[in-house]
Amino acid sequence: MKLSLTKVVNGCRLGKIKNLGKTGDHTMDIPGCLLYTKTGSAPHLTHHTLHNIHGVPAMAQLTLSSLAEHHEVLREYKEGVGKFIGMPESLLYCSLHDPVSPCPAGYVTNKSVSVWSVAGRVEMTVSKFMAIQQALQPDWFQCLSDGEVSCKEATSIKRVRKSVDRSLLFLDNCLRLQEESEVLQKSVIIGVIEGGDVMEERLRSARETAKRPVGGFLLDGFQGNPTTLETRLRLLSSVTAELPEDKPRLISGVSRPDEVLECIERGVDLFESFFPYQVTERGCALTFSFDYQPNPEETLLQQNGTQEEIKCMDQIKKMETTGCNQEITSFEINLKEKKYQEDFNPLVRGCSCYCCKNHTRAYIHHLLVTNELLAGVLLMMHNFEHYFGFFHYIREALKSDKLTQLKELIHRQAS
Amino acid sequence: MAGAATQASLESAPRIMRLVAECSRSRARAGELRLPHGTVATPVFMPVGTQATMKGITTEQLDALGCRICLGNTYHLGLRPGPELIQKANGLHGFMNWPHNLLTDSGGFQMVSLVSLSEVTEEGVRFRSPYDGNETLLSPEKSVQIQNALGSDIIMQLDDVVSSTVTGPRVEEAMYRSIRWLDRCIAAHQRPDKQYLFAIIQGGLDADLRATCLEEMTKRDVPGFAIGGLSGGESKSQFWRMVALSTSRLPKDKPRYLMGVGYATDLVVCVALGCDMFDCVFPTRTARFGSALVPTGNLQLRKKVFEKDFGPIDPECTCPTCQKHSRAFLHALLHSDNTAALHHLTVHNIAYQLQLMSAVRTSIVEKRFPDFVRDFMGTMYGDPTLCPTWATDALASVGITLG
């Protein structure tokens with residue numbers, strides 16, 4: 001696997017990762033994102049509906065939290081998780097946790113890490129973890145790590161230090177076991193950078209992890225709400241500065257468009273795509289604009305639309321709503337609102353996704369009001385396509401030195 | 001052409017059914033329905049898409065499975081989103097973006113089965129909406145009006161629906177009222193050239209009442225007939241006899257739609273008895289409970305026995321689910337909170353039903369329907385002689401013996 005950078009602009013890395021996968025003939029663009037899955041399947045989508053989407057990333061993210069409980073089955077299956085889930089052509093990255101579900105703290109020891117599945121807690125020592133990876137045979141996998149520091153508030157320096165020590169110990173043990181495993185020779189271990197909010201520990205984690213023969217780095221512990229990310233951005237820059245240029249940098253738990261741009265500017269290459277899923281689950285559709293060079297007429301119309309939407313957003317935030325609705329961002333519209341009942345426009349005018357080419361806002365509204373399963377399917381198709389389109393535009397903006405325009409555009413829409 | 005024993009059909013009703021082949025032993029027929037949104041081969045199973053959606057599958061997926069006609073429910077759609085909105089959306093076809101045919105029922109059945117406080121009078125069915133508490137009267141005229149707005153290719157008369165387990169004078173009352181309501185529906189129908197109104201034969205499990213209903217309704221000028229009031233709680237023995245009685249008195253040159261029937265065995269037997277069209281929520285509903293339909297019955301994929309079963313649901317099935325996925329994967333997915341599991345099974349179960357009907361039809365065209373029936377029963381029950389008694393009796397009544 002080889003990472004080649006085309007250019008670096010304002011800290012943003014534009015390039016390609018080549019020779020990926022078991023056969024070594026896959027390529028990924030960076031900056032980019034990974035397809036979010038639940039139990040090995042894009043949420044709500046079958047092969048048919050997934051393939052209706054344009055721009056699906058070459059690499060999908062699987063979560064150990066959803067797959068660990070199927071270890072025995074996969075072991076007997078022998079042919080790896082890609083084939084098992086019906087995605088043999090896709091590159092696969094296996095993370096420890098599901099970025100959408102919070103993980104309870106207090107379950108990491110010196111010898112084991114726990115993940116939380118539908119069936120309950122699955123505790124993994126290094127050998128169990130590696131045995132599971134042997135059964136999965138992913139292309140990349142996040143190394144066993146102690147990421148608990150980000151689950152809790154106000155962690156002591158001692159605890160932070162321990163998270164770095166443990167993660168390095170896990171890493172060394174996993175690397176050793178990988179050497180002894182023929183099956184895992186073609187899989188790449190992603191080293192995990194821990195260290196909480198303590199600069200010294202973050203730097204230590206970065207430097208030490210970088211010494212190991214990992215294929216890439218996962219920046220863990222930066223997830224949280226938008227405010228916590230703000231304060232952590234400085235840490236992020238310092239961390240990535242310590243990392244080799246020729247290895248990819250992934251970040252966990254960051255998926256919002258504005259946060260994505262902030263992280264790209266600080267040297268991050270790959271992101272999870274769970275944000276479009278969260279938007280889908282609250283009955284919303286992504287509508288934010290990322291076309292920093294639209295034709296003038298479009299701009300006027302879009303701007304008016306955006307202003308309308310921002311006004312409504314303010315109104316909504318003042319309303320007493322369920323917990324889910326309160327998280328609605330200004331990047332999306334809430335299709336449950338009565339005003340969409342007779343709106344026969346597509347979700348986003350000009351969008352070429354299956355939903356926008358075939359259905360109207362009024363129809364999606366109806367499906368949501370009547371609690372029909374198709375609502376999730378159609379919204380997921382649109383939201384993924386919209387989000388993947390955003391990443392395409394990021395790369396285009398970097399190519400043509402228009403990142404500032406894109407940033408301004410996104411910033412205008414973030415509230 | 002109308003047989004000697006049946007009423008000659010009246011001239012002006014459009015002939016929408018073309019018979020392609022008939023079984024020389026049983027009453028099975030293969031045909032073609034010419035409908036405004038295209039031709040439909042019969043016998044046909046029509047999946048039910050209650051609220052303008054076939055549950056979790058897109059219209060593109062439904063089309064890819066070969067479906068050319070499906071159902072929408074007037075009761076549900078009449079309440080949400082309402083006929084006015086659907087009309088603005090270019091009818092139900094436009095609203096859900098379905099290019100092929102649609103059949104809507106009248107709302108009568110749901111009225112009685114879903115609504116606890118509904119009251120039937122000569123006027124119509126008075127009920128309270130479960131969504132906004134408003135009182136509405138669903139009359140024959142109102143039902144047709146809603147269906148006109150929906151624009152479905154086949155619309156159903158409002159009938160006075162009575163559970164098949166009810167006995168006594170209510171059954172007779174409902175049967176006569178259904179005839180009167182049929183006449184009111186015919187009179188109220190604004191678009192007989194664009195939408196085909198079917199009558200629904202009632203009469204419960206009483207042969208005399210049913211015969212009377214058949215005699216009266218076949219005098220009416222409609223393009224097709226449904227056999228209603230069955231597929232409730234009645235015994236299968238009574239069920240098949242009423243179906244057989246109905247098909248024996250319905251004109252041959254018009255389609256016979258048996259409402260609410262969808263179990264594989266029932267479909268095969270009722271095709272033998274002379275039915276052309278069927279609908280049922282069963283295949284799509286059971287999919288959402290993790291049950292996959294197969295020639296030997298069904299597989300409850302949530303069960304542990306499928307945990308390490310790495311083969312497809314059915315190796316003979318050509319649906320996308322069976323092409324790509326194993327029982328083991330579906331088992332794992334069913335135990336997750338990813339709705340995709342349900343969609344995989346919905347796709348398969350619809351494919352199963354459509355493939356079954358297609359195989360039935362081919363066997364009729366190729367003049368080997370009785371052999372097909374024997375093979376089918378053999379696969380389903382282990383041996384044709386192990387087929388349920390009612391089915392054996394029903395098939396025997398039309399000249400098909402098993403084993």
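The shown structure was predicted, so the numbers you read here are calculated from the model rather than taken from an experiment. Convention: sequence-line order gives letters A, B, ...; per-chain numbering from 1.
Residue contact with chain B, scored on non-hydrogen atoms closer than 4.5 Å, involves the backbone and the side chain of T370(A) alike. I85(A) touches chain B through backbone and side chain together, each having a heavy atom under 4.5 Å away. H44(A) touches chain B through backbone and side chain together, each having a heavy atom under 4.5 Å away. Contact of M96(B) with chain A is made through backbone and side chain together, with heavy-atom distances under 4.5 Å. Using a 4.5 Å cut-off between heavy atoms, V73(A) touches chain B through backbone and side chain atoms alike. Interface residue A52(B): backbone and side-chain heavy atoms are both found under 4.5 Å from chain A. Contact annotation for V369(A): both backbone and side-chain heavy atoms come within less than 4.5 Å of a heavy atom of chain B. Neither the backbone nor the side chain of L67(A) comes within less than 4.5 Å of any heavy atom of chain B. Of the atoms belonging to T50(B), not a single heavy atom falls under 4.5 Å from chain A.
Within the model, atoms NE2 of H343(B) and CG of L374(A) stand 8.0 Å from one another, a figure rounded to the nearest 0.5 Å. Here the NZ atom belonging to K357(A) is positioned 12.5 Å from the CG atom belonging to N97(B), to the nearest 0.5 angstrom. Of the inter-residue distances, the one linking K308(B) atom NZ with L74(A) atom CG reads 10.5 Å to the nearest 0.5 angstrom. Interatomic distance, NE2 of H70(A) versus CZ of F329(B), reported as 9.5 Å (0.5 Å rounding). Interatomic distance, CG of N90(B) versus OG1 of T360(A), reported as 10.5 Å (0.5 Å rounding).
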Q. Can you list the steps and then say if Q51(B) with H366(A) is a side chain to side chain contact (heavy atoms under 4.5 Å, CB included)?
A. CA-CA 9 Å; Q51(B) 300 190 105; H366(A) 163 73; 4.2 Å; yes

Q.
Using side chain to side chain contact (heavy atoms under 4.5 Å, CB included), reason through L367(A) and T53(B) one step at a time and then give a plain yes or no.
A. CA-CA 8 Å; L367(A) 295 176; T53(B) 158; 3.6 Å; yes

Q.
Between F344(A) and L85(B), is the side chain to side chain contact (heavy atoms under 4.5 Å, CB included) condition met? List the steps.
A. CA-CA 10 Å; F344(A) 296 116; L85(B) 181 80; 3.8 Å; yes

Q: Take V118(A) and H335(B), measure what side chain to side chain contact (heavy atoms under 4.5 Å, CB included) needs, and give me the verdict at the end.
A: CA-CA 8 Å; V118(A) 173; H335(B) 284 283; 6.0 Å; no

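For E316(B), the CD atom counts as loosely surrounded, since its 6.0 Å shell holds 12 or fewer non-hydrogen atoms of other residues, nucleotides or ligands. Residue F282(B) qualifies as enclosed at atom CZ: its count of foreign heavy atoms under 6.0 Å is above 12. Around atom OH of Y77(A), more than 12 heavy atoms belonging to other residues, nucleotides or ligands sit under 6.0 Å away.
In summary, of the residues considered (E60(B), K324(B), Q61(B), H344(B)), a side chain to side chain donor-acceptor pair (under 3.5 Å) with H48(A) occurs for E60(B) alone. Across R80(B), R288(B), K55(B), a single residue satisfies salt bridge (charged side-chain N to carboxylate O under 4.0 Å, His left out) together with E372(A), and that is K55(B).
The heavy-atom pair separating A42(A) from A340(B) by the smallest distance is O-CB, 4.3 Å. Minimum interatomic distance between G56(B) and V377(A) (heavy atoms only, all atoms of both residues): O-CG2, 3.5 Å.
Taking P43(A), S66(A), P88(A) one by one and counting their heavy-atom pairs under 4.5 Å with chain B, the maximum is reached by P43(A). With respect to chain A, the highest number of heavy-atom pairs below 4.5 Å among T346(B), L333(B), T321(B) belongs to L333(B). Interface check for chain A: of the options T339(B), N338(B), T58(B), the most heavy-atom pairs under 4.5 Å are formed by N338(B).
Contact of the L373(A) side chain with the L342(B) side chain is registered, since non-hydrogen atoms from C-beta on lie closer than 4.5 Å. Counting only heavy atoms from C-beta outward, the side chains of P320(B) and T46(A) never approach each other to under 4.5 Å.
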